[in-house]
Amino acid sequence: MGTCASKAVKCNDHWMDGIPIDEELTPSHRIINGRRFHTDETVKYIFPNDDEEIEKLELQYYLFKEYWRTCYTSPITPMLTAGGGRVLDIGCGPGTWIMDLASKYKSTTFIGIDISPMFPQHVKPRNASFVQYNILNKIPFPNDTFDYVHQSLLSSAFTTSQWKEVIKEIVRVTKPGGWIEFLEYDYFVHNEGPISQRINASTISFFLSQGLIPNISKHLPEILQSTEQLMDIHCEIKSVPIGNWGGTLGSVALEVIGIEISALRNNLQPLMGLSDQHYEALIEGFVSEVNKYKSYINTFRFYAQKVM
């Protein structure tokens, strides 16, 4: 069994397969308008890490799973079915992806890692573990550890240089012949009306001011190729409608986007020069507008195999 030092990475009550892990101190937090955020200056993640954010991430997970009809796109089902493999989920959040797959593939080891301990602490499958760690300090596992590494929805967390370092680390901990995969969506509303255009412009401006990339999908293929250790690089795209015009799932997507716009209030509202009242009115107008214009967002899956 591996160990969890008292000041080190926080992990569950049991550690799997004796995989060694590096140490790190727990990050602190700050409260802004009743929402909890990171204070670690190395972390650009712009969304909160509280219970409301957990609910949003869980809703978002099942929304994208339903549209994609799958939890992953890489050809890893034989490995998962055979058992004995190791899977890492980076930025696992509440651990929904891990819990879903670990419950189905009980002979595969699943490990989730996140800077915040939003993941389950006690109630979880026996083949699932979670680690609290800031991966910008490098992924805390040895070379060639995992058969598959998954990462989703972190374009709101990494600068361009950080993306390159994180992907380099992901490739390092992936076994030769193993697979890596990313699920992302661009922070643009398509088929936008005047309100969406205003939100788009302010969101892009804020992302860029933080060194973040609101359209990471355009850059990921080049970053993946630059590692010179990946082959069979694939990209798949699915559009997700926002609003009642898209049926039940469109309504869920609208709820998710609405929660995000509300969470970004402290950043977007000053850029727009709006009062609290006018910002609330903006959100209400957005809800009506997306149905009128049949707005949507694009989601992307990138996956590739590490060379043998």
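Everything numeric in this text was worked out from a predicted model, so none of it was measured.
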Taking T70 for its side chain and T73 for its backbone only, find out whether a donor-acceptor pair lies under 3.5 Å.
no
Could you go through S239 and N298, starting from their C-alpha distance and side-chain angles, then the distance that decides it, and tell me whether this counts as side chain to side chain donor-acceptor pair (under 3.5 Å)?
CA-CA 4 Å; S239 297; N298 284 328; 2.7 Å; yes
Would you say K124 and F119 make side-chain contact, with heavy atoms under 4.5 Å?
no
Quick one: does I216's side chain get under 4.5 Å of F158's, heavy atoms only?
no
Between Y105 and V87, is any pair of side-chain heavy atoms under 4.5 Å apart?
no
Under the side-chain contact (heavy atoms from CB on, under 4.5 Å) criterion, do L282 and L274 qualify, and how do the steps go?
CA-CA 9 Å; L282 182 86; L274 298 176; 4.2 Å; yes
Scan side-chain atoms only and decide if W97 and S152 contain a donor-acceptor pair under the 3.5 Å cut-off.
no
Verify ring-ring contact (aromatic ring centres under 6.0 Å, His included) between Y185 and Y187, making sure each step is shown before the conclusion.
CA-CA 6 Å; Y185 76 92; Y187 282 84; 4.8 Å; yes
Would you say E181's side chain and Y72's backbone share a donor-acceptor pair under 3.5 angstrom?
no
Would you confirm whether E184, through its side chain, and L154, through its main-chain N or O, come within 3.5 Å as a donor-acceptor pair?
yes
When rounded to the nearest 0.5 Å, the distance separating CZ of F64 from CG of L249 is 11.0 Å
One should read off an interatomic distance between T227 OG1 and I180 CD1, to the nearest 0.5 angstrom, of 7.0 Å
Test K292 against E289 for salt bridge (charged side-chain N to carboxylate O under 4.0 Å, His left out), laying out the working first.
CA-CA 5 Å; K292 176 181 178 180; E289 184 181 88; over 6 Å; no
Are the side chain of K138 and the backbone of I135 linked by a donor-acceptor contact shorter than 3.5 Å?
no
Residues at least two apart in sequence or cross-chain that pass salt bridge (charged side-chain N to carboxylate O under 4.0 Å, His left out) with E255, listed by chain then number, are none
Residue pairs involving residues 243-302 (criterion ring pair (Phe, Tyr, Trp, His ring centres under 6.0 Å); sequence neighbours excluded):
H190-Y296
Would N191 and S295 count as a side chain to side chain donor-acceptor pair (under 3.5 Å) here? Give the steps.
CA-CA 5 Å; N191 278 1; S295 303; over 6 Å; no
Heavy-atom check, side chain of R301 versus side chain of W68, under 4.5 Å:
yes
Check: F207 and S156 side chains under 4.5 Å, non-hydrogen atoms
yes
Working to the nearest 0.5 angstrom, can you tell me the gap between L88 CG and T174 OG1?
8.0 Å
D147: which of K175, K306, R86 passes salt bridge (Lys or Arg N to Asp or Glu O under 4.0 Å)
K175
Of all residues at least two apart in sequence or in a different chain, which pass the salt bridge (charged side-chain N to carboxylate O under 4.0 Å, His left out) check with R198?
none
A side-chain contact here means heavy atoms from C-beta on lying under 4.5 Å apart; do I115 and L136 qualify?
no
Identified side-chain hydrogen bond (donor to acceptor under 3.5 Å, both in side chains) partner of K56 from the options E52, E53, E58:
E53
Determine the minimum heavy-atom distance between L212 and A157, stating which atoms define it.
CD2-C, 3.8 Å
Keeping the roles fixed (side chain from N215, backbone from S217), state whether a donor-acceptor pair exists under 3.5 Å.
no
Any side-chain to backbone donor/acceptor pair from S129 onto I111? Under 3.5 Å, distance only.
no
